[in-house]
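Computed from a predicted structure; not experimentally measured.
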Amino acid sequence: MKSSPVLAPRGFTIGLIALCLFSLALSAPAAAEDAKVIGKITELNKKALDSYTEGDFAKARTLLKQALDMCASSGLDHHPIAARTHIHMGVVMVGGLNQHDLALKQFQKALEIEPGIQVTKNVATPEVEAAFKEAASGAPGPGEGDDQGGKASPEGSDKGASEGESDEKPRAPASAPAMGIIHTPVKKAKPGAAILIAVKLGSNVTGFAKVVLGFKGSDDEEFTTKNMTKAGGGRFAGQIPASATNGKSVAYYIEAQDSEDTVLSAVGGESKPLTIALGAGKKCPEGEEDCDDEEGGGAAGPPIYVALMGGWGFGYTTGHADLTPVNKVDAGIAPSSAFHVAPEFGYFISPDFRLSLQARIQIVAGPTPLDLNGVHQPAKLGVAALARGSWFFGSGSFRPYVSAALGGGQIRHVVVFQKADKICGTNGGKTCIDSVTAGPLLFGGGFGFLYGLSETFGLVFEANPLIGLPNFTFHIDLNGGLALRF
């Protein structure tokens with residue numbers, strides 16, 4: 001006995017299709033709405049970080065509270081943007097408001113949402129990193145705070161969790177009250193970027209009128225001073241501007257002064273300032289807080305150097321021609337035609353000093369052959385090698401340098417002997433164009449610059465004055481090319 005499939009009523013099928021289409025129609029605006037809200041939350045985070053770096057920690061907390069409220073009201077409280085906002089709230093709590101326990105809760109909340117999240121790099125100070133590491137290790141945060149950095153307030157209070165406020169006092173050492181200027185020194189920072197300096201005044205610092213930040217870049221002769229901004233709770237913040245962080249290091253100090261500029265308390269000073277190393281030196285082992293960057297300079301990088309340059313030169317030449325020694329040069333300036341290549345291999349002994357070996361392979365073009373008992377061809381190459389030491393200045397992408405060189409080989413200049421007899425060419429009736437060789441001892445110097453396009457790749461341009469003996473010349477090479485570091 002055969003059975004037939006049971007078909008759904010036609011009306012039911014049409015209704016089901018309509019329901020699916022309606023659901024899809026609703027989901028598209030919802031996704032667009034989520035993207036719009038995420039954009040607003042992201043903007044609040046950016047504004048909060050700007051306020052944090054300017055030292056306005058209360059404003060930063062308020063903006064982040066608004067962002068977290070928006071996450072909750074939009075159903076995004078488990079979205080990655082909420083995790084990033086909790087990270088920023090934790091940064092403000094520990095790095096600005098000195099509320100360590102509430103910072104731990106914020107970091108832990110972020111890790112619950114996104115276990116692989118890390119602190120935003122441009123605000124990852126040692127103090128913040130230590131708190132985040134503590135939170136990641138699973139250390140519980142004591143106290144009853146809400147997710148926005150606020151402590152639950154008694155019923156009827158007009159402050160508390162709803163405003164992201166906290167009644168918790170900043171922590172101080174249990175053995176004694178905090179004294180003097182409390183500051184965690186900044187040891188390293190990125191060159192070319194502003195550096196946030198935050199301090200807290202201890203209970204014994206009274207009668208002060210201002211807190212002053214003094215700073216001096218490595219290329220500056222004198223300290224510049226500016227008043228730090230009060231951030232509440234005895235805390236002050238100020239920025240070392242980007243214009244002072246273009247060298248290898250920047251020095252700074254902090255002073256609490258009265259109305260007559262008398263120093264009441266200080267961290268560092270003009271005679272013995274704190275120093276921030278700029279750029280990437282050696283990598284310190286994780287958790288080794290007293291490890292400083294080696295050399296500290298912004299030029300630190302891979303030590304092995306390889307460059308391929310090419311160029312042209314000219315110089316003062318004397319002596320006799322190579323193929324037609326009967327022809328003597330009327331001393332003067334002549335080119336080293338047509339061009340040369342100058343590969344170089346070196347090693348950075350330190351970020352500011354490099355030892356290298358440079359070859360000079362000259363392609364000679366223009367000299368005429370000599371037809372004398374057979375055709376004699378002129379020299380086609382001039383080969384030399386130079387050991388060089390180069391000293392670099394400044395930091396960052398653009399690095400000028402000077403060098404000293406010693407070596408040996410040939411530098412050939414091409415000379416037209418207009419006044420001599422026409423004895424050259426395959427028929428022996430042409431004006432002689434011949435090379436004149438200088439050397440074999442070569443020494444001199446150079447100056448130029450290396451422009452880094454990345455940590456490993458850059459452009460190099462240089463001018464190298466050289467003296468050749470005993471066949472004398474004073475010669476200048478102009479070189480340019482590509483450089484690699486690895």
Side-chain angles (χ1 to χ4, degrees), residues 48-61 88 90-100 103 119-131 170 178-202 205 208-220 222-257 261 263-279 289-290 292-293 296 298:
L49 289 183
D50 288 342
S51 297
Y52 174 74
T53 57
E54 292 168 3
D56 193 344
F57 306 132
K59 182 178 179 181
R61 180 178 59 182
H88 293 160
V91 169
V92 172
M93 287 297 164
V94 70
L97 299 174
N98 201 31
Q99 296 182 358
H100 180 269
V119 178
T120 306
K121 287 185 178 180
N122 61 343
V123 290
T125 64
E127 182 182 17
V128 170
E129 288 280 16
M179 306 293 280
I181 295 178
I182 304 144
H183 171 63
T184 301
V186 179
K187 295 184 179 181
K188 49 191 173 181
K190 182 180 179 181
I195 303 171
L196 175 68
I197 304 296
V199 302
K200 185 177 186 299
L201 299 188
V205 183
F208 68 92
K210 56 188 174 182
V211 178
V212 175
L213 170 64
F215 56 88
K216 181 177 74 170
S218 56
D219 297 328
D220 298 332
E222 297 181 353
F223 279 88
T224 299
T225 59
K226 62 188 293 186
N227 291 346
M228 300 182 76
T229 303
K230 189 173 183 180
R235 297 184 68 84
F236 290 79
Q239 277 191 338
I240 298 175
S243 59
T245 66
N246 290 317
K248 294 190 296 182
S249 64
V250 60
Y252 74 101
Y253 65 87
I254 305 146
E255 293 179 345
Q257 301 177 358
D261 297 339
V263 178
L264 305 176
S265 184
V267 174
E270 289 195 15
S271 61
K272 194 175 180 181
L274 305 177
T275 302
I276 304 171
L278 301 172
E289 296 181 358
D290 294 331
D292 291 328
D293 278 350

**OP:** Taking all heavy atoms of Pro185 and all of Tyr252, pick out the closest pair and write down the distance.
**Re:** CA-OH, 3.4 Å
**OP:** Quick one: closest heavy-atom pair of Ala242 and Gly192, and the distance?
**Re:** CB-O, 3.6 Å
Original post:
Do the rings of Tyr52 and Phe57 sit parallel, tilted or perpendicular, given the 30° and 60° boundaries?
Top reply: tilted
Original post:
Would you say the side-chain atoms of His183 pair up with the backbone N or O of Lys200, donor to acceptor, closer than 3.5 Å?
Top reply: no
**OP:** Answer yes if the ring centres of Phe215 and Phe223 are under 6.0 angstrom apart, and no otherwise.
**Re:** no
Subject >> Reported NZ-to-OG distance for the pair Lys187 and Ser249, which is rounded to 0.5 angstrom >> reply: 15.5 Å
Subject >> Min side-chain heavy-atom separation Asn246-Asp219 under 4.5 Å >> reply: no
**OP:** Could you grab the distance from atom NZ of Lys216 to atom OG1 of Thr224, nearest 0.5 Å is fine?
**Re:** 10.0 Å
Original post:
Which atom names give the shortest non-hydrogen contact between Val94 and Ala103, and what distance separates them?
Top reply: CB-CB, 3.6 Å
Original post:
So do the side chains of Ile195 and Thr245 get within less than 4.5 Å of each other, counting heavy atoms only?
Top reply: yes
Subject >> Result of checking Ile197, Ile254, Val211 against Phe236 for side chain to side chain contact (heavy atoms under 4.5 Å, CB included) >> reply: Val211
Subject >> Under the side chain to side chain donor-acceptor pair (under 3.5 Å) test, residues paired with Lys230 that sit two or more places apart >> reply: none
Subject >> Approximate separation, where rounding is to 0.5 Å, of Leu213 CG and Gln239 CD >> reply: 10.0 Å
**OP:** Mark yes or no for whether Ser218, through its side chain, and Lys248, through its backbone, hold a donor-acceptor pair below 3.5 Å.
**Re:** yes
**OP:** Please examine the side chains of Leu201 and Ile181, heavy atoms only from C-beta on, and report whether any two atoms are closer than 4.5 Å.
**Re:** yes
Original post:
Quick one: does Ser271's side chain get under 4.5 Å of Tyr253's, heavy atoms only?
Top reply: no
Subject >> Nearest heavy-atom neighbours spanning Gly238 and Met228 >> reply: N-CE, 3.5 Å
Subject >> CD1-CD1 distance between Ile276 and Ile240, expressed to the nearest 0.5 angstrom >> reply: 4.0 Å
Original post:
Of all heavy-atom pairs between Ala198 and Arg235, which one has the smallest distance, and what is that distance?
Top reply: CB-NH2, 4.4 Å
**OP:** Determine whether more than 12 heavy atoms belonging to other residues, nucleotides or ligands lie under 6.0 Å from atom NZ of Lys190.
**Re:** no
Original post:
Do Glu222 and Glu270 have side-chain heavy atoms sitting under 4.5 Å apart?
Top reply: no
Original post:
What distance separates Glu255 CD from Lys210 NZ, expressed to the nearest 0.5 Å?
Top reply: 10.0 Å
